[in-house]
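Here is the structure we will look at.
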Amino acid sequence: MSIASPPSTRPSLQSRPRLGDLLVRRGFLTAERLQEALRLQKDGEQTKLLGELLIDREFCSEEQILECLAVEFQLPFVRLDARLFDPKVVELLPREFIEKHVVLPLFKVRDTLTVAVAEPSDVFLLDRLKAAAHCEVQLAIASARDIRRTLQTYLPDSQVFVIDDIIDDVQGDAVELIEESIEDIVSVNELAGQSPIIRLVNFIIYSAVKEGASDIHIEPTERQIRVRFRVDGALHKALELPGHISPAVASRIKIMASLDISERRLPQDGRIHVMMEGRSIDLRVSTLPMAHGEKTVIRILDNRNIPLSLAQLGFSSENLERFQQNINRPNGIVLVTGPTGSGKSTTLYAALNTVSTIEKNICTVEDPVEFQLQLVNQFQVNEKVGLTFAGVLRSLLRQDPDILMVGEIRDAETARIAIQAALTGHLVFSTLHTNDACSAVTRLVNMGVEGYLIGASLNAVLAQRLCRRICAKCKQSYEPPKAMKLIVQQMGLEINEFFRGAGCARCRNTGFTGRIAIHELLVVDDALRETINVSATLQSVTDHARRNGMIPLRYDGLRKVKEGLTTIEEVLQSSDEGWIPANIQKS
């Protein structure tokens, strides 16, 4: 954490004015807006601090509030870094007191406890802190969001546990001590107070979910275990643990996933279902032997992070309209393509949610079922017992479906059954792993599907990638290299101002929060069907797409750069070289 210390002479706490009056006095807030905020706080939002309400309503910025408080109260301003504060100090104040008053004990030197507070204008807070801590108290100012984020991320429940203490308690043979049956549903919070290894694994999972991570990588090296989280598509280091506890950590995860803890020479895959904060979260576990132990990767399937509206996925207006037209057709195939982790399943879920009604029988074949949809019959593939995509799909055709969703077309048999379903009056959604939309046609041909079948059944192919979204909190303009500006000009676009994130506490100093999709949509018209029937080559399909104005991935991404949603570096990294779409004017 960084602390900027102002002068030591400070006015008495009782003589200090309230936050709203300070903001009005310094010109950051009008008197009318202050009265409106106080009215809202009284009418229904009294659970929020005044500063939080002003920021949410965009009446003033967090920086203005903190600057005003720091100068007016002559108190240090603290930017919290939860990795550096001492969790043991938190025990000096009751947890209920901390949460009620939004404070965070930072450190204690001799008989003085330094506490970060969000509302120093509370004239009674200092006295309450002294009474609760039984010592002298030094105040520092921090944002309420930083304080709550630190508490939620690193102190997940009322029983505070410290990673260093957990590690010290673990012996090299701790794996032999774990003998516990795990039910189908494991509550992370309920197990947090048990043995050190259990608490450590729960802490890793809890922290990853709180940070919004999509994957956890637990990687043993010669002397340590490196734990990394993938957030917004990028890996970052979360923890470093001693290497001797690697077998214990791997075995604990295997027990939770119902895997064989005695097998350390072969890869294993499993699933874990956990309950956290009242909601179910699915974890997919993969273990793989390596030089210094077993690497474990946990994919987090958090239903809360899945948008169910196509409008939330970043479609341009023309792509959204054309995609909606194709998913509402009575029959045919709609494919979504892209590499692993490009959001294909999310797009298909949103499409199914758009077309699902009580009048339609919608069935899915998935591996695994990532999100439960209402009015949709979802079936889980289990290849260990012979329940494959093709087998389930063949059986579903006898279940009177209207719409089918196949999680992935992996082989010729699945492709042929999906095409036959489309040709016999069904609407089929599925995914393929290809680099762009046009390559989907040649991929099906390479699987052994005849061109005339592809041309007769294929309606549209949507290719997509995910780019990190610029953090709105620290967004600022900048001048990119000339080479990048030249690429923009060559694509037929004119961008006057480029943006990027400077880095702040909200985005963990990365400059990005969340992701946005870029798309290219290939719609199969009569002319393209004829082309596929005659010569289903990548060049012929691409030439047709160019002539008909298909918007390539890079072009769609650069338009989002122009809108200030992402950076040009993200787009260039995520997409191959594009072309200037025909029939599109320079914008």
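- Between the side chain of K473 and the backbone N or O of A505, no donor-acceptor pair lies under 3.5 Å.
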I would like to know whether E318 and R559 meet salt bridge (charged side-chain N to carboxylate O under 4.0 Å, His left out); could you show each step before the answer?
CA-CA 13 Å; E318 58 265 51; R559 292 201 302 191; 3.0 Å; yes
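- Proximity of a side-chain donor or acceptor of N459 to a complementary backbone N or O of N331 within less than 3.5 Å is detected.
- A donor-acceptor contact shorter than 3.5 Å is absent between the side chain of Q476 and the backbone of G501.
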As a quick check of understanding, evaluate side-chain contact (heavy atoms from CB on, under 4.5 Å) for M256 and V201, giving each step before the final call.
CA-CA 10 Å; M256 296 176 71; V201 172; 4.0 Å; yes
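- I358 is listed as a side-chain neighbour of L375, based on a closest heavy-atom distance under 4.5 Å.
- Note that the SG atom of C474 and the CZ atom of R506 stand 8.5 Å from one another [nearest 0.5 Å].
- For the pair T431 (side chain) and G407 (backbone), a donor-acceptor distance under 3.5 Å is present.
- In this structure, CG in L373 is found 7.0 Å from OG in S356, a value given to the nearest 0.5 Å.
- A side-chain N or O of E211 and one of H236 form a donor-acceptor pair less than 3.5 Å apart.
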With a cut-off of 3.5 Å and sequence neighbours excluded, list every side-chain donor-acceptor pair involving residues 445-452.
{"from": "N446", "atom 1": "ND2", "to": "T442", "atom 2": "O", "distance (Å)": "3.2"}
{"from": "E450", "atom 1": "OE1", "to": "R416", "atom 2": "NH1", "distance (Å)": "3.2"}
{"from": "E450", "atom 1": "OE2", "to": "R416", "atom 2": "NH2", "distance (Å)": "3.4"}

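- In this structure, the separation between CG on L572 and CG on L558 is 6.5 Å, given to the nearest 0.5 Å.
- The shortest non-hydrogen separation linking F499 to T567 is O-CG2, 3.6 Å.
- Taking the charged nitrogens against the carboxylate oxygens, R529 and D525 have no contact shorter than 4.0 Å, which rules out a salt bridge.
- Atom CE of M484 and atom CD1 of I568 lie 6.0 Å apart (nearest 0.5 Å).
- In this structure the side chain of L404 reaches within 4.5 angstrom of the side chain of P401, judged on heavy atoms.
- Using a distance-only test at 3.5 Å, with no hydrogens or angles considered, a donor-acceptor pair links the side chain of S540 to the main chain of T537.
- Within the 3.5 Å criterion, the main-chain N or O of E263 finds a donor-acceptor partner in the side chain of K254.
- Remark: side-chain polar atoms of Q464 are not paired, donor with acceptor, to backbone N or O of A517 under 3.5 angstrom.
- The shortest distance between side-chain heavy atoms of D269 and V285 does not fall below 4.5 Å.
- Taking OG1 of T388 as the reference point, atom CZ of R394 lies at 7.0 Å (rounded to 0.5 Å).
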Walk me through whether L397 and I417 qualify under side-chain contact (heavy atoms from CB on, under 4.5 Å).
CA-CA 9 Å; L397 290 176; I417 297 174; 3.9 Å; yes
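- Using a 4.5 Å heavy-atom cutoff, the side chains of V227 and K237 are not in contact.
- Side-chain contact between K360 and T357 is present, with heavy atoms from C-beta onward closer than 4.5 Å.
- Under a 3.5 Å cut-off, the side chain of E366 and the backbone N or O of Q378 do not form any donor-acceptor pair.
- With no hydrogens or angles considered, no side-chain donor-acceptor pair links S439 and T434 at under 3.5 Å.
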side-chain contact (heavy atoms from CB on, under 4.5 Å) evaluation trace for E497 with K562:
CA-CA 7 Å; E497 190 174 14; K562 184 175 182 177; over 6 Å; no
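- Of all heavy-atom pairs between A545 and L522, the closest is CB-CD1, 4.0 Å.
- When all heavy atoms are compared, the tightest approach of A208 to I300 is CB-CD1, 3.7 Å.
- Listed by first then second residue, pairs satisfying ring pair (Phe, Tyr, Trp, His ring centres under 6.0 Å) with a partner in residues 374-426 number zero, not counting sequence neighbours.
- In summary, R299 and D215 engage in a salt bridge, as defined by a charged side-chain N under 4.0 Å from a carboxylate O.
- Here the side chains of L352 and I403 are in contact, with some heavy-atom distance below 4.5 Å.
- Contact annotation: the side chain of T340 approaches that of H433 to within less than 4.5 Å [non-hydrogen atoms, C-beta and beyond].
- Side-chain atoms of S430 come within 3.5 Å of backbone atoms of V406 as a donor-acceptor pair (strictly under, hydrogens ignored).
- Looking at N361, its side chain does come within 3.5 Å of a backbone N or O of D400 through a donor-acceptor pair.
- Residues L396 and T364 share a closest heavy-atom pair of CD1-O, 4.3 Å.
- Residues passing the ring-ring contact (aromatic ring centres under 6.0 Å, His included) test with F315, sequence neighbours excluded: F323, H519.
- Counting heavy atoms from C-beta on, the side chains of D402 and I362 never come closer than 4.5 Å.
- Taking each heavy atom of G492 and Y555 in turn, the nearest pair found is O-OH, 4.5 Å.
- Separating the CG atom in L259 from the CD1 atom in I272 is a distance of 8.0 Å, to the nearest 0.5 Å.
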Begin with the C-alpha distance, continue with both residues' side-chain angles, and end with the deciding distance and a verdict on side-chain contact (heavy atoms from CB on, under 4.5 Å) for V297 and I216.
CA-CA 6 Å; V297 176; I216 304 171; over 6 Å; no
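- A salt bridge links E479 with K485: the closest approach of a Lys/Arg side-chain nitrogen to an acidic carboxylate oxygen falls below 4.0 angstrom.
- Smallest separation of non-hydrogen atoms from Q324 and N328: O-ND2, 2.7 Å.
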